[in-house]
Amino acid sequence: MGASAGGMVIIRDLLMKLPANFSLPIAIVQHVSPCSDGSWAKLLNDRCQINIKEADDKEPFTPHSAYFAPANYHLLIEQEGTFTLTVDEAVSFSRPSIDVLFETASYAYGPHLVGILMTGANADGANGLRCIANAGGFVIVQDPVTAQAPTMPQAGIDAVADALVLDPTSISHFLLNLHDRKRYRYS
Amino acid sequence: MNLTDLEVQSLLDAVHQHYGYDYRNYSRAHVKRRISQRLKLSKVESIEELKHRIIRNPGFAQSFIKDMSINVTEMFRDPEVYKTIREVVIPLLQTWSFLRIWHAGCSTGEEVYSMAIILQEEGLYDRVQIYATDLNEAVLARAKQGIYPAENIKKYSKNYQKSGAKGSFSDYFHSRYDSAIMDSSLKKNIVWSHHNLITDSDFTETQLVMCRNVLIYFNASMQNRAHGLFHRSLSNGGILCLGKKETLHFSEYQHCFTELDRPAKIYKKAYGPL
């Protein structure tokens, strides 16, 4: 998932709706100030049923958890299911950049990936969404009409014409539904 | 653009074979992203074509090698870490009569000079030998010069203040036009040298290893190798300082160190045999 301006509230509401056994691991880039200390993830962890934390370098990406990119680091996903954090130059004026997460996640998971781009006032994430779609992954964009800042979701829709466009409530329904289907398949 | 692992491996093998640079054990996600950027930037159609251009054209190969190496650094980066170094690490270092400090992957040297300033202010500089190493000769040459853009100095000065400053930052450099050159008293005990964490061997009897935001570009197995190198290079009770988002938690050497300060990622080599 990626979001910028206005994203904190939407991501919080989304994560709070997920049950403790929600099996799909989630990686999130939310643009934050470079001096943010990660206390937001700790705060969210107390209020959510799944584990919420900032990712560490080489930490395994595991179910029942959501990982945030720390301020000032790009978040990358390795094929073997671990995170890498880098301090490369900003991409789309952002570090962490949504494009970097989405692009590397598409290398690692190809068609087994869902990319969700939400509210924001710049175009970070649009290129990444295109990578996800090209690798056969599933792409969801927040309906710009429902976004505090519509630029980012609109750029996402422009990049991936057949993206599924949903309001925030429908995004959480989609995730819960996916979780139920997955449970059904493996039970 | 789909980059298959085989193609990436074959490209990295070729770069290693022709130019000696070894990115085969770098973070694959990082490497793939850089390759994909280079393909777009140079309008190259396939990774196969990229490989041939790199092999045939040493100038082009240099730009690829530049893509791979990241030299983002600043003085007193993460100032609170340097504050912890002053408060927690310096008192421990004071127990040794002579000290060796190794900055592994020092890049353009900003953090080496930061440390030198702290050592001077804490009265330790005269009994210290600092080894600053990097695998890139070009950045090492710049580090040795110690000349930085004046526009960065304001930020460095702020960082310095937050690190628990005991003096005035302007005492440590001389401004000339739009550059600042670090004071020669800081350079006196620094030895700059080439060292490759992937292929070279240990240092001996080091009391402090600084290696911040260098190993994040390696894959897990190469990180393990580097952790082992640091472990063997440190004397008993020696100290290892990693980047703020790095951890020994997922390393084979996790149990060879104790945590000295969690947020600053400062570790102490455990006593006794492995």
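Per chain, numbering begins at 1; letters A, B, ... match sequence-line order.
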Is the number of heavy atoms from other residues, nucleotides or ligands within 6.0 Å of CZ (B:R142) greater than 12?
no
Taking all atoms of both residues into account, what is the closest heavy-atom pair of A:E59 and B:F250, and its distance?
CA-CE1, 3.4 Å
Just checking B:K83: does its NZ atom have more than 12 heavy atoms from other residues, nucleotides or ligands closer to it than 6.0 angstrom?
no
Compute whether any side-chain donor of one residue and acceptor of the other, for B:Q223 and A:D57, lie under 3.5 angstrom apart.
yes
Would you say the side chain of B:K244 lies within less than 4.5 Å of the side chain of A:Y73, judging by non-hydrogen atoms?
yes
What's the separation between atom CZ in B:R33 and atom OG in A:S97, rounded to the nearest 0.5 Å?
7.0 Å
Does any heavy atom of chain A fall under 4.5 Å from the side chain of B:D5, the backbone, both, or neither of them?
side chain
Closest approach of B:S36 to A:E103 (non-hydrogen atoms, all atoms of both residues)
OG-OE2, 3.3 Å
Honestly, the part of B:I216 sitting under 4.5 Å from a heavy atom of chain A is both
Among A:A105, A:C131, A:P60, residue most engaged with chain B (heavy-atom pairs, under 4.5 Å)
A:P60
Using a strict threshold of under 4.0 Å (side-chain N to carboxylate O), is an ion pair present between B:K245 and A:E54?
yes
Taking the basic N atoms (NZ, or NE/NH1/NH2) and the acidic carboxylate oxygens, is any pair closer than 4.0 Å for B:K265 and A:D56?
yes
Please tell me whether A:D88 and B:Y217 have a donor and an acceptor in their side chains that are separated by less than 3.5 angstrom.
yes
NZ-CG distance between A:K58 and B:L215, expressed to the nearest 0.5 angstrom
9.0 Å
A:E78 side chain vs B:R28 backbone, donor-acceptor pair below 3.5 Å
yes
Flag the one option from A:V87, A:D37, A:T104, A:V100 with the top tally of heavy-atom pairs under 4.5 Å to chain B.
A:V87
Using a cut-off of under 4.5 Å on heavy-atom pairs, state which of A:N72, A:T84, A:T86, A:T82 scores highest against chain B.
A:T86
Taking A:E89 first and then B:R34, would you say they form a salt bridge - that is, a charged N and a carboxylate O separated by under 4.0 Å?
yes
Which value, rounded to the nearest 0.5 Å, describes the distance between B:S27 atom OG and A:I77 atom CD1?
11.5 Å
